[in-house]
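The structure displayed is predicted, hence computed values, not measured ones. If you read the sequence from its start, that first residue is 1, and numbering goes on from there.
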Amino acid sequence: IKTGSYDLEFVLQDHVFGTQQREIVRVHVVEDTEYVPDNSADFITTSNLAEDFYNQGQYQHALEEYLKIYDETSPGLNEKIAGLYENLGQNDSAVPYWEINLKRDDDYSLKAAEKLLSYSLDTGNTERICLYLDYLLHSGKVVPESEILTIVDLLQKKQAYDEAISVMD
């Protein structure tokens, strides 16, 4: 078997009641050198230490601890790490964590889209502004009129007239 991620489908059949229950289990196959044993006690200790640093306003130390226990599949951890980068004024480093959460279909994705839209406005990236605004509008999120007008004004200043008209629709 090759290294990588695999989704395995299992079917539990109850012949007495004539029912089936499907479950998909994701398996990650790694090289021996990449294997990190699950050590829940270390995770909890590190997480608590990171939270203590965060509560004390020691964001760099908190970030270092959270990165030790980083798991891409944890939306809360992605949000926390992105927020720490934001608090440290390193928004470029926060973007990948927001983008991971954007792939979800829940409140974390909406928060990520809002953050990414705000960041794109700050950097003047018209393509990203349109992308994240579209995402929010299609998710049913109400975007304040003042923010839409700010976006249209920025798009016009950048001579992105088609995009500005699209936003106004």
Side-chain angles (χ1 to χ4, degrees), residues 1-14 19-123 125-143 147 151:
I1 192 166
K2 295 181 180 181
T3 59
S5 296
Y6 300 91
D7 290 336
L8 306 176
E9 185 175 327
F10 292 90
V11 178
L12 175 63
Q13 295 181 340
D14 186 332
T19 61
Q20 289 184 357
Q21 181 179 359
R22 295 186 182 280
E23 182 175 343
I24 294 178
V25 176
R26 177 161 287 169
V27 176
H28 299 286
V29 179
V30 297
E31 297 288 338
D32 288 347
T33 57
E34 296 174 284
Y35 176 70
V36 179
D38 180 20
N39 193 336
S40 299
D42 286 347
F43 178 88
I44 293 169
T45 301
T46 303
S47 179
N48 288 341
L49 180 60
E51 195 63 28
D52 288 345
F53 281 135
Y54 180 83
N55 291 333
Q56 296 168 18
Q58 296 181 30
Y59 301 131
Q60 184 62 45
H61 293 301
L63 177 62
E64 291 166 6
E65 295 302 316
Y66 279 124
L67 288 172
K68 289 178 185 176
I69 57 172
Y70 179 64
D71 176 4
E72 183 177 305
T73 63
S74 171
L77 202 49
N78 284 321
E79 186 175 90
K80 184 70 85 170
I81 290 171
L84 285 165
Y85 276 124
E86 188 178 28
N87 288 342
L88 293 167
Q90 300 173 19
N91 290 354
D92 286 346
S93 297
V95 168
Y97 298 94
W98 287 324
E99 287 180 339
I100 290 169
N101 275 359
L102 190 64
K103 296 173 187 171
R104 303 177 58 81
D105 188 21
D106 57 17
D107 288 342
Y108 287 105
S109 63
L110 291 177
K111 291 177 192 174
E114 290 171 347
K115 290 291 190 176
L116 287 162
L117 176 60
S118 176
Y119 175 72
S120 298
L121 283 166
D122 290 345
T123 60
N125 185 329
T126 56
E127 183 180 316
R128 294 291 181 166
I129 290 168
C130 293
L131 175 72
Y132 300 129
L133 178 61
D134 188 59
Y135 181 92
L136 287 169
L137 293 174
H138 280 86
S139 70
K141 178 80 174 164
V142 175
V143 179
E147 194 167 341
I151 291 168

Only pairs under 3.5 Å count here: list side-chain donor-acceptor contacts from residues 94-103, not counting sequence neighbours, and write none if there are none.
residue	atom	partner	partner atom	Å
E99	OE2	Y132	OH	3.2
N101	OD1	N78	ND2	3.2
N101	ND2	P75	O	3.0

For this session: With rounding to the nearest 0.5 Å, note down the distance linking OG in S93 to CG in L84.
Result: 11.5 Å

Seminar exercise, completed: Rounded to the nearest 0.5 angstrom, the CG-CG distance for L133 and L121 is 8.5 Å

Problem set entry | salt bridge (Lys or Arg N to Asp or Glu O under 4.0 Å) partners for E127, two or more places apart | none

Exercise. Counting distance only, does the side-chain N/O of N55 pair as donor-acceptor with the main-chain N or O of E51 below 3.5 Å?
Worked result: yes

Exercise. Can you name the nearest heavy-atom pair linking L117 to I129, along with the distance?
Worked result: CD1-O, 3.6 Å

For this session: Verify the distance criterion only: is there a donor paired with an acceptor across the side chains of N125 and T123 at less than 3.5 Å?
Result: no

Exercise. What closest approach, in Å, do L8 and V27 show between heavy atoms, and which atom pair accounts for it?
Worked result: CD1-CG2, 3.5 Å

Seminar exercise, completed: Heavy atoms of A50 and A62 approach each other most closely as O-CB, 3.4 Å

For this session: Sequence neighbours left out, what passes salt bridge (Lys or Arg N to Asp or Glu O under 4.0 Å) with D106? Give chain and number order.
Result: R104

For this session: May I ask you to check whether over 12 heavy atoms, not counting those of D107, lie within 6.0 Å of atom CG?
Result: no

For this session: Grab the two heavy atoms, one from Y66 and one from S47, that are nearest each other, plus how far apart they are.
Result: OH-O, 4.3 Å

Exercise. When rounded to the nearest 0.5 angstrom, what is the spacing between CD in E65 and CG in L49?
Worked result: 4.5 Å

Problem set entry | Which residues share a side-chain hydrogen bond (donor to acceptor under 3.5 Å, both in side chains) with Y54, sequence neighbours left out | none

Seminar exercise, completed: Rounding to 0.5 Å, atoms OG (S120) and CG (L131) come to a distance of 8.0 Å

Problem set entry | Whether over 12 other heavy atoms sit under 6.0 Å from E72 CD | no

Problem set entry | Partner residues of D122 under the salt bridge (Lys or Arg N to Asp or Glu O under 4.0 Å) criterion, sequence neighbours left out | none

Exercise. Does the salt bridge (charged side-chain N to carboxylate O under 4.0 Å, His left out) test come out yes or no for K115 and E86, once each step is laid out?
Worked result: CA-CA 10 Å; K115 290 291 190 176; E86 188 178 28; 3.0 Å; yes

Exercise. Do L88 and Q60 come close enough that some side-chain heavy atom pair is under 4.5 Å?
Worked result: yes

Exercise. Looking only at heavy atoms, what is the nearest atom pair of I81 and L63, with distance?
Worked result: CG2-CD1, 3.7 Å

Problem set entry | Contact check, side chains of R26 and Y6, non-hydrogen atoms, under 4.5 Å | no

Exercise. What's the shortest heavy-atom distance between L110 and S139, and which atoms?
Worked result: CD2-OG, 3.1 Å

Exercise. Is it true that E114 and K111 have a side-chain N and a carboxylate O under 4.0 angstrom from each other?
Worked result: no

Exercise. What residues, two or more places apart in sequence or in another chain, satisfy salt bridge (Lys or Arg N to Asp or Glu O under 4.0 Å) together with E64?
Worked result: none

